[in-house]
There are 2 protein chains.
Amino acid sequence: MVAGPLPAPSGTGKDRLRLWIRLLRASRTIEAELRERLKKEFDTTLPRFDVMAALYRAPEGMLMSDLSRFLLVSNGNVTGIVDRLVSEGLVTRARRNGDRRTSMVRLTDEGTKSFATIAAAHEGWIGELLGKVSEEDARRLTGMLTSFRSNWEGRE
Amino acid sequence: MVAGPLPAPSGTGKDRLRLWIRLLRASRTIEAELRERLKKEFDTTLPRFDVMAALYRAPEGMLMSDLSRFLLVSNGNVTGIVDRLVSEGLVTRARRNGDRRTSMVRLTDEGTKSFATIAAAHEGWIGELLGKVSEEDARRLTGMLTSFRSNWEGRE
DNA sequence: CCAAGATATTTCAAGCTTAAAGTTTTATGC
DNA sequence: GCATAAAACTTTAAGCTTGAAATATCTTGG
């Protein structure tokens, strides 16, 4: 065989490591800002917002396991957050006839109304925080991240 | 927040919101994978790794406030993580002559050795997890994220 | 039917995280 | 000097997070 110079498998990992660090810092910076604003302006938290956002897209409701899969967090975690949302009257757990292990989690009317308000502010904040990223860059970056993600989907 | 596209049909913010969601999902996916491997292979955690990584770059040591600023986390948070690292013998708090409020936090020899091992594995993992991102894309993406960050530096 | 396994969820212990309040030490204005 | 403010850090309470163990329910092969 005419084995040419091997394509240096890891030799160039430096740029990827740098990318990861930037990625992490960017998302942490934005996350911190969002958390602070959610707390200050709506007296809520990011995890609660995440759960409500997921439920908002699913008027028919979601199972606990749907939620944890969609949000990329553990089962036990969702239990606690939903417990608190239920106790605040924003969400309900509806027992199902068919399978008594599960329950459909849904936004209440109050939860829906509350989320719509917060989501509008949230979208504005993101526009502001990412204001310096041009729409074109945003689309290109999104594309890169999407292809990255599809590389990982279904691994866990 | 790992929410899907919100129904708000605001014309211009849409792409940025989508970008934010992708960014968050990507970093959470990678973070989860790293956390799991750190636990399984080295019986440690991401926050511990982050602190040790910061200290590794600063052989002369860092103040608690330096650490919390650099890592983008709260003061009290760093206190707990450093406490645990100290109790494991990986880090020391050296009282300073000048200012008795502060102490220099440094890696111990054991901590340095331990971190070097873990960091090597970590760099390999990142190379693997971001393997589908070309080096060129990685550099371009890093550039975008860097300019974004500089937009925010000094705001808090 | 029913035992054995699979699923869906909750509980638990340990650790991470923040914001706010408290402690100790240093710096400053008068 | 010395009261007062500022700075560096720790403590605290509440909530988030995970992985593992426990519970309850459903499914399936015999």
Side-chain angles (χ1 to χ4, degrees), chain A residues 24 27-29 31-52 61-88 91 93-105 156, chain B residues 1-2 24 27-29 31-52 61-88 91 93-105 156:
Chain A
L24 193 51
S27 66
R28 283 194 184 170
T29 303
E31 252 185 302
E33 186 68 26
L34 292 178
R35 195 188 318 109
E36 192 180 329
R37 294 187 185 195
L38 283 173
K39 172 80 174 182
K40 193 162 291 175
E41 315 235 347
F42 298 105
D43 191 32
T44 189
T45 68
L46 213 41
R48 280 171 169 87
F49 179 84
D50 288 346
V51 167
M52 293 178 77
M62 289 177 85
L63 301 180
M64 295 298 283
S65 44
D66 293 337
L67 276 170
S68 82
R69 199 167 20 253
F70 180 71
L71 297 174
L72 306 174
V73 299
S74 68
N75 274 349
N77 186 355
V78 177
T79 297
I81 297 167
V82 168
D83 282 352
R84 277 168 227 117
L85 288 173
V86 167
S87 80
E88 291 167 22
V91 147
R93 273 189 181 93
R95 273 227 137 6
R96 291 205 300 169
N97 306 0
D99 188 334
R100 271 175 307 179
R101 290 170 302 182
T102 66
S103 51
M104 269 306 196
V105 184
E156 41 201 345
Chain B
M1 279 167 302
V2 196
L24 193 51
S27 66
R28 282 193 183 174
T29 304
E31 252 186 301
E33 187 68 25
L34 292 178
R35 195 189 317 111
E36 191 180 330
R37 295 187 185 194
L38 283 173
K39 173 80 172 183
K40 194 162 292 175
E41 314 235 347
F42 298 104
D43 192 32
T44 189
T45 68
L46 211 43
R48 282 172 168 86
F49 179 83
D50 288 345
V51 167
M52 293 179 77
M62 290 177 84
L63 301 180
M64 295 297 283
S65 43
D66 293 337
L67 276 170
S68 82
R69 197 165 23 250
F70 180 72
L71 297 174
L72 306 174
V73 298
S74 68
N75 274 350
N77 186 355
V78 177
T79 297
I81 297 168
V82 168
D83 282 351
R84 277 168 226 117
L85 288 173
V86 167
S87 79
E88 292 168 22
V91 146
R93 275 191 179 93
R95 273 226 137 9
R96 291 205 301 170
N97 306 2
D99 187 335
R100 271 177 306 181
R101 288 171 303 183
T102 66
S103 51
M104 269 306 195
V105 184
E156 42 198 346

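Lettering of chains follows the sequences in order, A, B, ..., and the numbering in each one begins at 1.
- Whole-Å rounding puts the A/Leu67 CG to C/dT10 P distance at 11 Å.
- For the atom pair CZ of A/Arg35 and OG1 of A/Thr45, the computed distance is 9.5 Å after rounding to the nearest 0.5 Å.
- Distance CZ/B/Arg48 to CG/B/Asp50: 12.0 Å, rounded to 0.5 Å.
- Between A/Leu72 atom CG and D/dG19 atom P the separation is 12 Å, expressed in whole Å.
- Between the CZ atom of B/Arg35 and the P atom of D/dG19 there is a distance of 6 Å, given to the nearest Å.
- The interatomic distance linking B/Ile81 (CD1) with C/dA14 (C1') rounds to 14 Å, in whole Å.
- Considering B/Asn75, B/Val51, B/Leu63 in turn, B/Asn75 is the only one that fulfils the side chain to side chain contact (heavy atoms under 4.5 Å, CB included) rule with B/Ser68.
- Listed by chain and residue number, B/Arg96 satisfy the side chain to side chain donor-acceptor pair (under 3.5 Å) test with B/Thr102 (two or more places apart in sequence, or in another chain).
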Tabulated below should be each protein N or O lying under 3.5 Å from an N or O of nucleotides 8-12 of chain D; please produce it.
residue	atom	partner	partner atom	Å
D/dC9	OP2	B/Ser65	N	2.8
D/dC9	OP2	B/Ser65	OG	2.6
D/dT10	OP1	B/Arg93	NE	3.3
D/dT10	OP1	B/Arg93	NH2	3.4
D/dT10	OP2	B/Thr79	OG1	2.8

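- In this structure, the CG atom of B/Leu71 is 9 Å from the P atom of C/dT17, given to the nearest Å.
- When all heavy atoms of B/Met104 and B/Gly61 are compared, the pair lying nearest together is SD-C, 3.7 Å.
- The residue A/Arg48 sits close only to the backbone: its heavy atoms come under 4.0 Å of sugar-phosphate atoms, none of a base.
- Rounded to the nearest 0.5 Å, atoms CG (A/Leu46) and CD1 (A/Ile81) are 10.0 Å apart.
- In this structure, CG of A/Asp50 is placed 13 Å from C1' of D/dT17, rounded to the nearest angstrom.
- In this structure, B/Leu46 atom CG and D/dT17 atom C1' are separated by 12 Å, rounded to whole Å.
- When rounded to the nearest whole Å, the span between CZ of A/Phe70 and C1' of C/dA8 equals 20 Å.
- The phosphate of C/dT26 (OP1 or OP2) has a side-chain N or O of B/Arg100 nearer than 4.0 angstrom.
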